[in-house]
Amino acid sequence: MSQTQAQPAPSAEVPPHRYTAALADAIENRWQDYWDREGTFQAANPTGNLATGEPVPAQKFYVLDMFPYPSGKGLHVGHPLGYIATDVLARYRRMNGDNVLHALAYDAFGLPAEQFAVQTGQHPRITTEENIATMRRQLRRLGLGHDPRRTFATTDPGYVRWTQWIFLQIFNSWFDAEATNPDGTEGAARPIEELRAQFADGTRATPEGGDWNRMSPAEQEQVLAGFRLAYVDDVPVNWCPGLGTVLANEEVTAEGRSERGNFPVFTRNLRQWMMRISAYSDRLIDDLDRLDWPEKIKAMQRNWIGRSTGANVRFALPSGHVEVFTTRPDTLFGATFMVLAPEHPALTDLIPAQWPEGTRNSWTGQAPTPAAAVEQYRAAAAAKTDAERQDEGRVKTGVFTGVYATNPVNGAQIPVFIADYVLMGYGTGAIMAVPGGDQRDYEFAQAYDLPVIPTVTAPEGFEGGAWSGEGTVINSAAEGIDLNGMDVPTAKETIITWLQNQGMGAAATTYRLRDWLFSRQRYWGEPFPVVYDADGRVIDLPESALPVELPEVADFSPRTYADDDADSEPEAPLSRATDWVEVELDLGDGPRTYRRDTNTMPNWAGSCWYELRYLDPDNTEAFADPANEAYWMGPRTGADGSRTTGGADLYVGGVEHAVLHLLYARFWHKVLYDLGHVSSAEPFHKLFNQGYIQAYAYTDARGVYVPAEDVTEHVDAQGETYWTYQGETVRREYGKMGKSLKNMVSPDEMYAEYGADTFRVYEMSMGPLDLSRPWETRAVVGAQRFLQRLWRNIVDEHTGEVTVSDAEPDEATRRLVARTIADVRTEMDAMRPNTAIARMIVLNNHLTGLDPVARAAVEPLVLMVAPVAPHLAEELWQRLGHAESVAHHSFPVADEALLVEEQVTCVVQVAGKVRDRLQVSPEISEEDLKAAALASEAVQQHLDGRGVRKVIVRAPKLVNVVPG
């Protein structure tokens, strides 16, 4: 590249070669074109069309961003935070010799594009492609070093094909609890044909004991459906008549309404596709211990799966029995009533015609009969979501069923209620209520005047209510069993053994995790690669029929109903494409007419496996060649000799995906692992959650948001701050950035005002990556000044000439360079770019005081700056006389001999309290010490997003930061 590129026309005040936004724009676009032209960020594969023919480096690094959805709103400055962070780290690792795979594709199916299509009639593909083009332009302008050969969208037919192919692998699998995987884990997916063969030869009995070989194909399929990992079943779902579709739990608010549109949502039993993710509950929990993930994310997944150990206990009824699961069988003597979920099937045959004699009025719900009470209560419960029903703060409600059960340990007759705080989807849908040991049961007992019998001694000072902790067992003895005086663990073991011996119960483990609802009554999603025959039997399509593409339709909306029409039925948009739904195929039995599924997959499907497609995006024979998967994601041997699970080396994204996306992706990956399609047992080895960039928003007297950029800040005579918009006082609040709050700042504005490198440096220097931080446009100028000083240390602003000296720098400079290199390496390895930048600023400020600046001092600084400000670094590196790109140059290594120097301890205070201690040079300037103190992670944590009013510096031993 030439150094004589045309420069922006200078103004009278600004030197012609100053590093301005205009010059940054010219430099950045030029280098982005160069990177594209030269294939700077192309990562070599071991095999296939992305291989170079040379052996791949043993040292590799696969860094992954969470899949972006291309919104029509475009990006605001909060979105790129994670992308810049991964780009900085990828560039750093590349400069350290790694073969770095860093790519970005687009999660392109989804509801927003479909809703826009419903409103406008424009095909969602057009909307999606326009949004992708906008996002791709904004991200390219940021200078992200992605491998452009590896990009795609989940809507691409080639990608849909493999999504459907993976679905069929899941559909044609079952979970064999007795199988063992190569890594020693218990239970694995096996081909459904193995199960079919076991039924056929008699090595495995059918669930009902029938003769497999005498069953019809439809009967055989009904048996297999009970084992398949993907199956169709009648299940309770969130039905939203106002939207005309079934919603996932995450799409329903705590008030039981749709997240989009705020329509009422009802619980209905509908025939839907399900994924048997619950079969993997133990592996999904146990394998968390093998992952390098934040503990809070692991805890969230464990809680979501909700593994509980205890006992199943049988309570006798007038006819038959009800089984309950309890984690505290030691408290059975305190069970004074039972509660069933309103949906519990046992209610159908149990309810008597009349209320039993002595039934309290408060138990009846004001209904004349038990049947009427149950029917009324069921209808009310159906209008609530699981989250609403489980809300700890709600008043407990329920009705008596008119039935009494027998407590198995003492023979007591206890009333059976239904209440919405018990869910059919957890445990057995029935609980033994122990108000002395469970707070929710206690609240119910208080509301309905039911007895409370404590079974464990509470500690001294306990003020009453339910005690669920440890203690000595009391009030727990009957003929043949006495738990009194035991501690809780001993009592649990004793009562479980007794129940098993009496035939009244057994040890058990339950899970909160339910099977995954996988159907959507929407158009814009992947069609299911199956058809149904005349008997309603599900038949998978051959690979040659993939992808099954969406047909063209005139109307993209599902049929909608009155908001409160809970009895309505879904009618998906695809059901109107009759020529597509009814299809004639030859699937081995001659041409026949089949019916396609009119539901589509949820948008989770495409995001369950995209990390695998990056590895081999053009492969038409497999979703990824095994050699490429093993190289990029295969298990490795750790420093202690243990084998990792494999997976992407680093996955960066927001904490909002902590459960659902990560859980779903892990499930899909484990099925592929079990079937031998991948060598890695987990998709993501290391996970890092970045914080968020937030911003101030302002509301007027009406509570209406006003444009943040037009608000003026004032300080009154008493020193109090206030804000005005068009002369009127407004209220300030702090939160999420977005269009609705009128506080959105586009990265395009930052590129135009400062340049992409300044924007990158500012976002990386705002604070620790894992903490949220406030956006302050006025503060961006600090990052710009840093880069301008670096430019001036090398380039004369008036002549454009390089001014560095080839003379040896003085010893203090050489020592500072070495110390900076060592510190920057430490901070970058720990993903702390903010403190790395602070160290670079200290060195840059030191060089500013030298005239001229020594080449041996400034060139290492340019290399260190390269990951965070890559365009400027490339430009300066070239002007310094180097022909090769800085992107593949070695990152500097500190001279160990220069790292030994005298240091002093600087105490750093926040609001007068000691929060950190820094080791610094005795000669450090006040400005450099201030920068180092503000970059301290401990200081940032204790500021907790607050601004800084002033900084008191007493170099080299004291800094006091006064929060704003």
Side-chain angles (χ1 to χ4, degrees), residues 225-226 228 230-259 263-279 281 304-306 322-325 339-350 374-391 394 397-399 401 418-431 510-522 558 561 563-572 597 599 601-602 604 660 663-664:
R228 290 185 186 274
Y231 62 98
V232 179
D233 197 10
D234 287 307
V235 292
V237 296
N238 300 311
W239 167 237
C240 181
L243 287 176
T245 189
V246 167
L247 300 177
N249 289 336
E250 65 274 7
E251 297 167 325
V252 182
T253 68
E255 292 74 33
R257 305 181 75 85
S258 63
E259 190 175 51
F263 294 104
V265 176
F266 303 90
T267 301
R268 285 282 309 282
N269 272 8
L270 296 173
R271 197 156 182 79
Q272 304 285 301
W273 275 101
M274 305 293 293
M275 290 274 184
R276 208 178 299 276
I277 189 174
S278 60
S281 295
W304 188 268
I305 298 168
V322 168
E323 195 169 78
V324 305
F325 171 78
V339 181
L340 306 185
E343 306 85 1
H344 201 290
L347 292 171
T348 304
D349 301 321
L350 279 180
V374 169
E375 184 179 358
Q376 288 175 200
Y377 194 82
R378 275 180 158 173
K384 299 182 177 71
T385 65
D386 288 357
E388 190 176 6
R389 288 168 60 170
Q390 291 280 285
D391 184 359
R394 288 181 62 244
T397 63
V399 292
T401 64
I418 61 170
D420 61 8
Y421 75 91
V422 177
L423 303 179
M424 194 62 224
Y426 180 65
T428 64
I431 67 166
T510 64
Y511 305 86
R512 184 175 293 112
L513 180 65
R514 302 294 94 194
D515 283 349
W516 173 13
L517 173 65
F518 203 69
S519 292
R520 296 293 184 274
Q521 289 69 50
R522 294 174 183 154
Y561 302 86
D563 296 1
D564 59 353
D565 189 358
D567 296 326
S568 51
E569 294 287 338
E571 185 179 298
D597 199 310
N599 292 318
M601 300 184 200
W604 300 106
L660 296 174
L663 207 59
Y664 296 159

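Residues: numbered from 1 along the sequence shown.
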Can you list the residues that meet the salt bridge (charged side-chain N to carboxylate O under 4.0 Å, His left out) rule with Arg268, with sequence neighbours excluded?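 Salt bridge (charged side-chain N to carboxylate O under 4.0 Å, His left out) list for Arg268, sorted by chain: Glu569.
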Please name the pair of heavy atoms, one in [X] and one in [Y], separated by the smallest distance, quoted to 0.1 Å.
X      : Y      : value
Ala566 : Trp239 : O-CD1, 3.7 Å
Gln521 : Pro558 : O-CB, 3.6 Å
Ile418 : Tyr377 : CD1-CD2, 3.8 Å
Leu423 : Ala341 : C-CB, 3.8 Å
Gly429 : His344 : O-CD2, 3.3 Å
Asp564 : Phe266 : CA-CZ, 3.9 Å

How far does [atom1] of [X] sit from [atom2] of [Y], to the nearest 0.5 angstrom?
X      : Y      : atom1 : atom2 : result
Glu343 : Thr267 : CD    : OG1   : 6.5 Å
Leu517 : Leu270 : CG    : CG    : 9.5 Å
Leu243 : Glu259 : CG    : CD    : 11.0 Å
Trp516 : Met274 : CH2   : CE    : 11.0 Å
Leu513 : Leu663 : CG    : CG    : 6.0 Å
Cys240 : Asp563 : SG    : CG    : 7.5 Å

Given 3.5 Å as the limit, does a donor-acceptor pair link the side chain of [X] with the main chain of [Y], or not?
X      : Y      : answer
Asn238 : Leu247 : yes
Arg514 : Arg512 : yes
Asp597 : Asn599 : yes
Arg520 : Pro602 : no
Ser278 : Asp515 : no
Thr428 : Glu323 : yes

Using a cut-off of 6.0 Å, state whether more than 12 heavy atoms not belonging to Gln376 lie near its atom CD.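 Yes, the 6.0 Å shell around CD holds more than 12 heavy atoms from other groups.
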Side chain to side chain, Phe518 and Gln272, heavy atoms closer than 4.5 Å: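 Contact flag for Phe518/Gln272 side chains = no.
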Would you check if Arg271 and Ser519 make a side-chain contact, meaning some heavy-atom pair closer than 4.5 Å?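 Side-chain contact under 4.5 Å: no.
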